[in-house]
Amino acid sequence: MAKTAVLFDFSGTLFRIESTESWLRAVLDATDLPLSERELTEAARGLEEAGALPGGAEPVRVPEELAGLWQVRDRSAEQHRAAYTGMSRRVSLPDPALHDALYDRHRTPQAWAPYPDAPEVLRTLRERGVAVGVVSNIGWDLRPVFRAHGLDAYVDTYVLSYEHGIQKPDPRLFAMACAALGAEPEDVLMVGDSREADGGAAALGCAVHFVDHLPVAERPDALRPVLDLAGRPRPGGA
């Protein structure tokens, strides 16, 4: 049965954040605080192990003092910043101000790249009359990222956790997206990279499809099966 709407996760599904080393290098390039290549590599490794880059690697260990905040980090902009800069501060950098600069960098369109097949899949869904929503656990407004990469025209609604104080897998977040698109859950496909978070849509009655959270160069066409799963629109409408 053809779907009337498809919901997508953001990070690791439609877009991927830059590497930890690229992230750190971009911030250092904007300062007068150069590190040697060895120091930069070591700092990047430390930040990656700490899980300090949103959309990047999961932390090797969440310190006890941040554990509670980490669990609810996507419920507000303040909690998101505090959680990730808290992780970042576990790594020594030449200036304490760099921790906030790193957080600000990850919110820029330049820090994100769409997966190679994302434009084709989103465009095709639009051509078929299938509504598209983005449902993301996040602490900042990702709409400028879609606009900068020319994909905003294909998205009908954004449901972002920090704007509602609710984070996936809570079914209410998916219900908001379905309602915004005027679609019944059984007519909706949710596409994401997290079985725990994105799998919450199944509790609402949505079909769910998972992709792997891989670097852009390693995942050229994982989104294309979505076109078959969404099906062809029924005659006379989506």
Side-chain angles (χ1 to χ4, degrees), residues 1-17 51 54-59 62 70-76 79-80 83 114-115 117-118 120-122 124-126 128-139 142-143 146 151 154-214 218-219 221-234 237-238:
M1 179 178 176
K3 301 299 182 183
T4 61
V6 178
L7 306 178
F8 289 94
D9 172 53
F10 166 58
S11 174
T13 300
L14 290 175
F15 282 82
R16 172 72 186 224
I17 192 69
E58 290 294 314
V62 178
W70 189 253
Q71 291 299 315
V72 297
R73 64 191 182 278
D74 296 311
R75 293 185 186 176
S76 75
Q79 287 169 304
H80 195 267
Y115 282 95
D117 52 348
E120 172 198 345
V121 169
L122 292 175
T124 302
L125 290 172
R126 172 53 55 91
R128 293 181 182 178
V130 178
V132 169
V134 171
V135 183
S136 177
N137 277 353
I138 199 165
L142 52 73
R143 295 171 183 87
F146 280 79
L151 299 183
Y154 305 128
V155 180
D156 299 289
T157 193
Y158 297 88
V159 179
L160 311 181
S161 61
Y162 84 101
E163 293 182 336
H164 302 283
I166 301 169
Q167 63 188 42
K168 298 182 288 187
D170 193 318
R172 291 178 293 171
L173 211 61
F174 305 104
M176 290 177 190
C178 292
L181 297 175
E184 295 298 325
E186 58 266 27
D187 296 325
V188 174
L189 173 67
M190 174 67 205
V191 182
D193 67 300
S194 170
R195 281 162 173 76
E196 178 184 359
D198 301 311
L204 195 66
C206 301
V208 183
H209 177 67
F210 297 108
V211 293
D212 293 325
H213 189 148
L214 294 171
E218 296 177 22
R219 217 196 73 190
D221 55 8
L223 290 170
R224 287 185 181 145
V226 170
L227 298 177
D228 292 328
L229 292 168
R232 293 284 178 178
R234 294 184 291 270

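Note that these values count all heavy atoms, side chains included, but never hydrogens, waters or copies made by symmetry. When a residue number appears, it is its place in the shown sequence, counting from 1.
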Grab the two heavy atoms, one from [X] and one from [Y], that are nearest each other, plus how far apart they are.
{"X": "C178", "Y": "V188", "answer": "SG-CG2, 3.9 Å"}
{"X": "G199", "Y": "V208", "answer": "CA-CG1, 4.4 Å"}
{"X": "N137", "Y": "S161", "answer": "CA-OG, 3.3 Å"}
{"X": "I166", "Y": "M176", "answer": "CD1-CE, 3.6 Å"}
{"X": "A5", "Y": "L181", "answer": "CB-CD1, 3.8 Å"}
{"X": "R219", "Y": "G12", "answer": "NH1-O, 2.9 Å"}

If you round to the nearest 0.5 Å, how far is [atom2] of [Y] from [atom1] of [X]?
{"X": "C206", "Y": "D198", "atom1": "SG", "atom2": "CG", "answer": "11.0 Å"}
{"X": "L151", "Y": "F15", "atom1": "CG", "atom2": "CZ", "answer": "4.5 Å"}
{"X": "W70", "Y": "H80", "atom1": "CH2", "atom2": "NE2", "answer": "8.0 Å"}
{"X": "E120", "Y": "D221", "atom1": "CD", "atom2": "CG", "answer": "9.5 Å"}
{"X": "D74", "Y": "Q167", "atom1": "CG", "atom2": "CD", "answer": "5.0 Å"}

* To do: Might you confirm whether atom CD of E218 has over 12 heavy atoms from other residues, nucleotides or ligands at distances under 6.0 Å?
  => yes
* What residues, two or more places apart in sequence or in another chain, satisfy side chain to side chain donor-acceptor pair (under 3.5 Å) together with D9? ->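 Listed in chain order: T13, K168.
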Go through the structure and list residues passing salt bridge (charged side-chain N to carboxylate O under 4.0 Å, His left out) with [X], not counting sequence neighbours.
{"X": "E186", "result": "none"}
{"X": "E163", "result": "R143"}
{"X": "D156", "result": "R126"}
{"X": "D193", "result": "none"}

Has [X] got a side-chain atom pairing as donor or acceptor with [Y]'s backbone, closer than 3.5 angstrom?
{"X": "R224", "Y": "D117", "answer": "no"}
{"X": "Y154", "Y": "V121", "answer": "no"}
{"X": "R73", "Y": "G139", "answer": "no"}

* Just one of V6, V226, L223 clears the side chain to side chain contact (heavy atoms under 4.5 Å, CB included) bar with H209, so which one? ->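 Going through the options one by one, the only one that passes is V226.
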* For residues 158-181, which residue pairs qualify under ring pair (Phe, Tyr, Trp, His ring centres under 6.0 Å), counting only residues two or more places apart or in two chains? ->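 Qualifying pairs, neighbours excluded: F146-Y158.
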* Output, in order, the C-alpha distance, side-chain angles, deciding distance and verdict of side chain to side chain contact (heavy atoms under 4.5 Å, CB included) for V211 and Y115. => CA-CA 11 Å; V211 293; Y115 282 95; over 6 Å; no
* Where do S194 and H213 land on the side chain to side chain contact (heavy atoms under 4.5 Å, CB included) test, with the steps shown first? -> CA-CA 8 Å; S194 170; H213 189 148; over 6 Å; no
